[in-house]
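From a predicted model like this one, the values you see are computed outputs, not experimental measurements. We count ligands from 1, going down the list as the structure has it; atoms in each ligand are counted the same way. Numbers here are sequence positions counted from 1.
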Amino acid sequence: MQRIYLDNNATSPVLPEIVAAMLPYFGESFGNPSSAHALGEDAAAALRAARVSVAALVGARSPREIVFTSGGTESIHRALHAALARSPGLRRIVTTTVEHSAVLEPLETLEKQGFSVIRVGVDGDGTLDRAALDAALTDECALVTVMAANNETGVASDLTGVGALCRARDIAFHVDAVQAAGKMPLDVKLLGADLVSISAHKIHGPKGAGALFVRDGFALAPMFPGGPQESRRRPGTENVPALVGFGRAADLARRFVADEHGPRELARLRDRLESEIVARLAGARVHASRAPRIPNTTNIAFEGVEAEALLGALSAQGVFVSAGSACHAAARRPSHVLLAMGCSASEAAASLRFSLSRLSTDGEVSGAVEAVTEAVMGLRSLA
Ligand code: PLP
């Protein structure tokens with residue numbers, strides 16, 4: 001059976017050369033980076049190299065600004081709490097309506113604890129209401145947290161000048177760059193961000209590895225006491241093989257973004273997928289098609305079809321996509337992102353996300369178009 005994987009925003013396959021880079025650290029180079037002997041030094045050197053690579057991916061000034069974590073969710077959680085600990089008197093947090101649950105859920109908890117959360121909206125194309133965002137950045141504000149690119153629609157947020165506004169009012173600025181990293185240029189200096197979260201498994205690295213960029217001079221209290229690792233900011237013996245894989249993934253992702261041909265080719269494949277589906281199927285509509293987007297993502301509504309049924313029919317044909325965020329797959333609620341863009345609940349429940357990767361091919365796009373056309377027509381004929 002064919003196997004066409006178009007769910008790379010959920011997770012991406014670990015590239016063979018990344019697996020190869022990790023393997024020695026499960027085997028002969030198994031040392032603890034804190035050990036004072038040669039094996040320990042070997043692991044510590046590998047960790048230093050990984051930190052340099054991840055720092056370069058986000059444009060950090062120094063590898064010291066990278067704190068390794070278990071992934072995007074942990075990085076985000078640490079960022080939110082570090083920002084709030086910095087200004088205990090301030091109770092206002094600004095975010096958007098289309099963030100990932102890794103941001104929205106901790107903010108809901110904080111709201112119950114008395115913080116006031118302002119959620120800035122987006123328009124029908126998923127474009128952030130910058131006037132509303134800028135107006136919310138008042139002196140009462142402790143933290144602004146905004147995603148660089150949306151996981152469901154791929155829409156890239158216009159964050160121009162947000163860093164400067166935050167700096168002027170001493171507001172902590174966190175960017176969730178989990179989906180942007182490795183797909184679009186990312187530079188923490190240009191963003192003017194204090195904190196930036198990224199994750200290895202979205203860029204062909206292993207699961208269980210992520211990073212929080214923490215601007216030099218910005219305090220990040222330890223998660224809990226327990227040891228000197230990560231400059232006391234995250235205690236516990238480091239996951240050396242995964243972090244080595246993360247470093248290699250960061251190198252490859254940085255090269256991919258720097259060479260304009262790569263992202264352009266990825267966007268061409270994505271655009272081909274969209275245009276052929278829309279040409280073949282009446283009642284298919286691409287969400288956010290006019291907004292600037294990361295090049296690998298499209299989200300398409302199929303009138304008269306339940307996304308869950310379509311996802312199942314495609315899976316049976318070896319085509320793997322998702323309905324909304326993978327984290328919400330079990331909840332089967334219509335996407336909060338599409339609802340925030342003004343879609344009706346029924347259109348949101350008829351929408352699928354296709355997320356390609358730099359491994360995607362024209363052949364796979366053709367196979368996916370065939371499978372989607374057949375599955376949608378089949379489901380419509382049953383209805
Ligand atoms: N933020 C965004 C935008 C995401 O898409 C995801 C995962 O899908 C996360 C955060 C959470 O990252 P992780 O799976 O590494 O915890």
Side-chain angles (χ1 to χ4, degrees), residues 5-14 18 54 57-58 66-81 95-108 119 122 126 128 144-157 159 174-184 186 191 193 195-213 223 234 239 242-243 245-246 249-250 253 288 291 293-299 320-331 333 335-338 340-341 352-357:
Y5 186 74
L6 298 177
D7 199 13
N8 290 279
N9 286 7
T11 197
S12 56
V14 185
I18 294 175
V54 171
L57 177 64
V58 300
I66 298 300
V67 177
F68 284 131
T69 66
S70 66
T73 303
E74 180 189 324
S75 299
I76 290 166
H77 194 82
R78 297 290 311 279
L80 303 183
H81 286 276
T95 188
T96 81
T97 49
V98 295
E99 299 299 304
H100 189 270
S101 57
V103 170
L104 292 178
E105 288 192 14
L107 292 188
E108 280 164 22
R119 295 173 181 82
V122 296
L128 186 60
V144 179
T145 176
V146 183
M147 64 195 343
N150 186 271
N151 48 302
E152 294 191 33
T153 59
V155 173
S157 309
L159 298 177
H174 169 248
V175 177
D176 171 0
V178 167
Q179 294 294 348
K183 296 172 192 157
M184 61 182 258
L186 184 63
L191 279 172
L195 301 151
V196 175
S197 296
I198 63 170
S199 179
H201 75 107
K202 310 292 188 182
I203 57 167
H204 301 289
K207 294 165 187 64
L212 178 61
F213 158 83
M223 221 174 162
R234 185 180 190 264
N239 184 356
L243 295 173
F246 189 13
R293 288 179 291 168
I294 46 173
N296 77 317
T297 307
T298 182
N299 195 314
F320 306 121
V321 299
S322 87
S325 159
C327 312
H328 291 139
R333 283 187 310 241
S335 151
H336 72 283
V337 175
L338 298 180
M341 287 163 60
L352 282 190
R353 174 185 75 185
F354 303 78
S355 48
L356 290 72
S357 82

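Using a 4.0 Å cut-off between a side-chain N of Lys or Arg and a carboxylate O of Asp or Glu, E99 and R119 do not qualify as a salt bridge.
Remark: H81 NE2 is packed, more than 12 non-hydrogen atoms of other residues, nucleotides or ligands lying under 6.0 Å away.
Per-residue contacts place G71 under 4.0 angstrom from the following atoms of ligand 1 (heavy atoms of the residue considered): 15 (O). Each of the atoms 3 (C) of ligand 1 lies under 4.0 Å from some heavy atom of M147. Heavy-atom contacts of N151 reach the following atoms of ligand 1: 3 (C), 5 (O) (cutoff under 4.0 Å).
Neither the backbone nor the side chain of E99 comes within contact range of ligand 1; no heavy atom lies under 4.0 Å. At a heavy-atom distance under 4.0 Å, no atom of K207 approaches ligand 1. Only the side chain of I76 comes within 4.0 Å of ligand 1, judged by heavy-atom distances. At a 4.0 Å heavy-atom cut-off, ligand 1 touches T73 through backbone and side chain alike.
Counting only N and O atoms by type, the side chains of T97 and H336 include no donor and acceptor under 3.5 Å apart.
At a 3.5 angstrom cut-off on N or O pairs, G72 counts as close to ligand 1.
A heavy-atom separation below 4.0 Å is found between K202 and ligand 1.
Across all their heavy atoms, G182 and L57 have their closest contact at N-CD1, 4.3 Å.
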